[in-house]
Amino acid sequence: MREVILQIPTLEAEQNIDIDVRINGKKRTMHYRVEIIDWELIQIGAPIRNNIPITFRKKEESDQ
């Protein structure tokens, strides 16, 4: 899939974003979610049905 980059306003944590776009006249809604966490991303797994496993590691005080 090609990418289109949109700037969105600064959001608070746990916010949903729904963007309606038209591609060759066909309407499509894109859904996104913003989560702000103080952990480090370790791995993004292979999609399973409609879910994507994401593994995080909690940052220790010495990591900050």
Side-chain angles (χ1 to χ4, degrees):
M1 174 181 239
R2 299 273 183 203
E3 293 182 12
V4 174
I5 299 181
L6 302 173
Q7 292 187 1
I8 57 173
T10 302
L11 300 170
E12 299 295 323
E14 300 179 7
Q15 297 291 311
N16 293 320
I17 302 170
D18 297 321
I19 299 174
D20 293 328
V21 297
R22 290 193 183 275
I23 301 171
N24 292 327
K26 295 179 181 178
K27 183 178 174 182
R28 183 171 178 185
T29 301
M30 311 296 284
H31 305 281
Y32 300 91
R33 177 139 178 103
V34 175
E35 295 282 345
I36 299 172
I37 57 174
D38 193 22
W39 291 38
E40 295 178 298
L41 176 62
I42 298 298
Q43 179 180 2
I44 300 174
I48 303 169
R49 296 187 197 102
N50 291 330
N51 299 306
I52 299 173
I54 301 174
T55 305
F56 296 92
R57 179 175 67 96
K58 186 171 184 176
K59 294 175 80 174
E60 301 297 327
E61 293 296 324
S62 62
D63 290 346
Q64 297 181 18

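Just so it is clear, the values below take in all heavy atoms, side chains as well, and ignore hydrogens, waters and symmetry mates.
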(request) Calculate, to the nearest 0.5 Å, the distance between atoms CG and CZ belonging to D20 and R28 respectively. (result) 12.0 Å
(request) Might you point out which heavy atoms bring I52 and G45 nearest each other, and give the distance in Å? (result) CG2-O, 3.7 Å
(request) Evaluate the side chain to side chain contact (heavy atoms under 4.5 Å, CB included) criterion for residues Y32 and N16: first the C-alpha distance (whole Å), next the side-chain angles of each, then the deciding distance (0.1 Å), finally the verdict. (result) CA-CA 6 Å; Y32 300 91; N16 293 320; over 6 Å; no
(request) Check step by step if salt bridge (Lys or Arg N to Asp or Glu O under 4.0 Å) holds for E40 and R57. (result) CA-CA 5 Å; E40 295 178 298; R57 179 175 67 96; 2.3 Å; yes
(request) Would you give the length of the straight line joining atom NZ of K58 to atom CD1 of I37, rounded to the nearest 0.5 angstrom? (result) 11.5 Å
(request) Starting from the C-alpha separation in whole Å, work towards a yes-or-no answer on side chain to side chain contact (heavy atoms under 4.5 Å, CB included) for E35 and Q15. (result) CA-CA 7 Å; E35 295 282 345; Q15 297 291 311; over 6 Å; no
(request) Is it possible for you to say whether I19 and I23 belong to one hydrophobic cluster, with membership spreading through side-chain heavy-atom contacts below 4.5 Å? (result) yes
(message) If hydrophobic clusters are built from ILVMFWY residues whose side chains come within less than 4.5 Å, do I44 and W39 share one?
(response) yes
(message) For L41 versus T55, what's the shortest heavy-atom pair and its separation?
(response) CD1-O, 3.8 Å
(request) Compare every heavy atom of P53 with every heavy atom of A46, then report the nearest pair and how far apart it is. (result) O-CD, 3.3 Å
(request) Consider only side-chain heavy atoms of I, L, V, M, F, W and Y, link residues closer than 4.5 Å, and tell whether V21 and I17 are in one cluster. (result) yes
